[in-house]
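In this text, all values refer to a predicted model and were calculated from it rather than measured experimentally.
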Amino acid sequence: IQKLVTDIMKNTEELGLDLKGEAYMYMNDSYFGFIVPMKNKEKYVSFVKKQADAFGAKEEPHKIESFLGVSKDNSVFAWNDDVLYFLVGINNQTAQQAEADFKKIVTQKDEESIISNPKYKEFSESKKDISVMVNMEPLVKFTEKMNSEVSQFKGLLSLYNGTSVNYYV
């Protein structure tokens, strides 16, 4: 793994990814997601094939909605012409469950996604070199289900809902 990381850092162009473009990371109650813009899909596919051969990986990418990808353990690693999408389950999901959830995520309508959140729209319009948005809504909803001892924190969590931090690099 160390050699792989060193090789990548020496020649990032061979990855085929746009490492200077807008990348997104998110976490919800089930998954950690990472999305990176694709710069050159052919280079990326070549890189993945070389790494798979070097590590003895036998999984062949298959079609997952508009993506090609591999589902393994609790994760989905998929790409199309535009992005690389890495989804990792945090609740002991199976590969099949992670792939089914990935399909739901990439086919959801705008009104079902984060872009329908007014706080996200505001955040997206004010992005800087590094921007972080904290959406506490899922945690607030969770605390509402808990007993009164835990739900006393609801007000505190609501204060931070949609909070964003922006940095210039």
Side-chain angles (χ1 to χ4, degrees), residues 1-117 119-135 164-169:
I1 296 292
Q2 185 177 358
K3 181 182 179 334
L4 171 63
V5 172
T6 302
D7 290 346
I8 290 170
M9 298 311 288
K10 285 181 183 175
N11 192 0
T12 58
E13 286 297 313
E14 291 304 309
L15 278 176
L17 300 174
D18 182 0
L19 298 179
K20 294 182 180 177
E22 289 186 9
Y24 296 87
M25 292 186 299
Y26 69 90
M27 186 172 182
N28 60 26
D29 58 346
S30 301
Y31 289 96
F32 170 78
F34 188 62
I35 305 167
V36 179
M38 188 68 66
K39 189 172 189 176
N40 182 316
K41 187 172 107 177
E42 288 73 29
K43 281 186 176 184
Y44 177 74
V45 170
S46 174
F47 173 80
V48 169
K49 176 132 179 59
K50 283 185 224 172
Q51 299 313 311
D53 291 345
F55 287 99
K58 295 175 177 43
E59 295 84 8
E60 285 292 321
H62 61 279
K63 188 168 175 52
I64 309 172
E65 291 302 326
S66 63
F67 290 79
L68 275 179
V70 175
S71 305
K72 186 163 175 66
D73 301 325
N74 62 340
S75 304
V76 176
F77 196 69
W79 59 90
N80 62 19
D81 290 339
D82 301 317
V83 297
L84 165 66
Y85 201 130
F86 188 48
L87 187 70
V88 180
I90 57 176
N91 294 326
N92 298 318
Q93 293 91 333
T94 64
Q96 294 80 14
Q97 181 63 51
E99 187 169 318
D101 290 341
F102 177 81
K103 288 178 181 180
K104 289 178 192 173
I105 292 168
V106 298
T107 60
Q108 65 187 328
K109 295 178 174 61
D110 287 354
E111 60 270 9
E112 299 168 328
S113 77
I114 187 72
I115 64 174
S116 68
N117 181 327
K119 294 285 189 179
Y120 178 78
K121 287 180 182 179
E122 182 182 314
F123 163 78
S124 183
E125 292 168 359
S126 66
K127 291 184 289 196
K128 307 296 183 249
D129 292 341
I130 299 173
S131 298
V132 178
M133 177 184 169
V134 178
N135 180 10
S164 61
V165 178
N166 296 298
Y167 300 97
Y168 287 108
V169 177

_Set of residues satisfying salt bridge (charged side-chain N to carboxylate O under 4.0 Å, His left out) with respect to Lys43, sequence neighbours excluded_ = none
*Supply the atom-to-atom distance Thr107 OG1 to Phe102 CZ, rounded to the nearest 0.5 angstrom.*
9.5 Å
*asked:* Ignoring hydrogens, what is the shortest heavy-atom contact between Gln97 and Thr94? Give both atom names and the distance.
replied: N-OG1, 3.0 Å
*Kindly give the heavy-atom pair with the smallest separation between Ala98 and Ser75, and that separation in Å.*
CB-N, 4.1 Å
*Could you tell me the separation between the CG atom of Asp18 and the CD atom of Glu13, rounded to the nearest 0.5 Å?*
9.0 Å
_Any residue meeting side-chain hydrogen bond (donor to acceptor under 3.5 Å, both in side chains) with Asn40, in chain and number order, not counting sequence neighbours_ = none
*Measure the CG-CD1 distance between Asp29 and Ile90 for me, rounded to the nearest 0.5 Å.*
7.0 Å
*What is the distance from atom OG of Ser131 to atom CD of Glu22, rounded to the nearest 0.5 Å?*
8.5 Å
*Could you tell me which residues satisfy ring pair (Phe, Tyr, Trp, His ring centres under 6.0 Å) with Tyr120, sequence neighbours excluded, listed by chain and number?*
Phe123
_Approximate separation, where rounding is to 0.5 Å, of Trp79 CH2 and Lys41 NZ_ = 9.0 Å
*For Lys109, what residues pass the side-chain contact (heavy atoms from CB on, under 4.5 Å) criterion, not counting sequence neighbours?*
Glu111, Glu112
*Who are the salt bridge (charged side-chain N to carboxylate O under 4.0 Å, His left out) partners of Lys49, not counting sequence neighbours?*
Asp53
*Name all residues meeting the salt bridge (charged side-chain N to carboxylate O under 4.0 Å, His left out) criterion together with Glu60; count only those two or more places apart in sequence or in a different chain, and write none if there are none.*
none
_Residues which pass side-chain hydrogen bond (donor to acceptor under 3.5 Å, both in side chains) with Asn92, listed by chain and number, not counting sequence neighbours_ = none
_Results of side-chain contact (heavy atoms from CB on, under 4.5 Å) for Ser30 - residues two or more places apart only_ = Asn28, Asn91, Gln93
Atom pairs and distances, donor-acceptor, side-chain atoms in residues 62-72, under 3.5 Å, two or more places apart:
| residue | atom | partner | partner atom | Å |
| --- | --- | --- | --- | --- |
| His62 | ND1 | Gly69 | O | 3.3 |
| His62 | NE2 | Glu99 | OE1 | 3.0 |
| His62 | NE2 | Glu99 | OE2 | 3.3 |
| Lys63 | NZ | Glu65 | O | 2.7 |
| Ser71 | OG | Glu99 | OE1 | 2.4 |
| Lys72 | NZ | Glu59 | OE2 | 3.3 |

*Partner residues of Tyr31 under the ring pair (Phe, Tyr, Trp, His ring centres under 6.0 Å) criterion, sequence neighbours left out*: none
*Where do Ile35 and Leu84 land on the side chain to side chain contact (heavy atoms under 4.5 Å, CB included) test, with the steps shown first?*
CA-CA 6 Å; Ile35 305 167; Leu84 165 66; over 6 Å; no
_Non-neighbouring partners of Asp110 that pass salt bridge (charged side-chain N to carboxylate O under 4.0 Å, His left out), sequence neighbours left out_ = none
*Please lay out, stage by stage, how Val76 and Phe86 fare under the test side chain to side chain contact (heavy atoms under 4.5 Å, CB included).*
CA-CA 6 Å; Val76 176; Phe86 188 48; over 6 Å; no
*Residues in side-chain contact (heavy atoms from CB on, under 4.5 Å) contact with Leu19, at least two apart in sequence or another chain*: Thr12, Leu15, Leu17, Val36
*How far does CD1 of Ile114 sit from OH of Tyr26, to the nearest 0.5 angstrom?*
10.5 Å
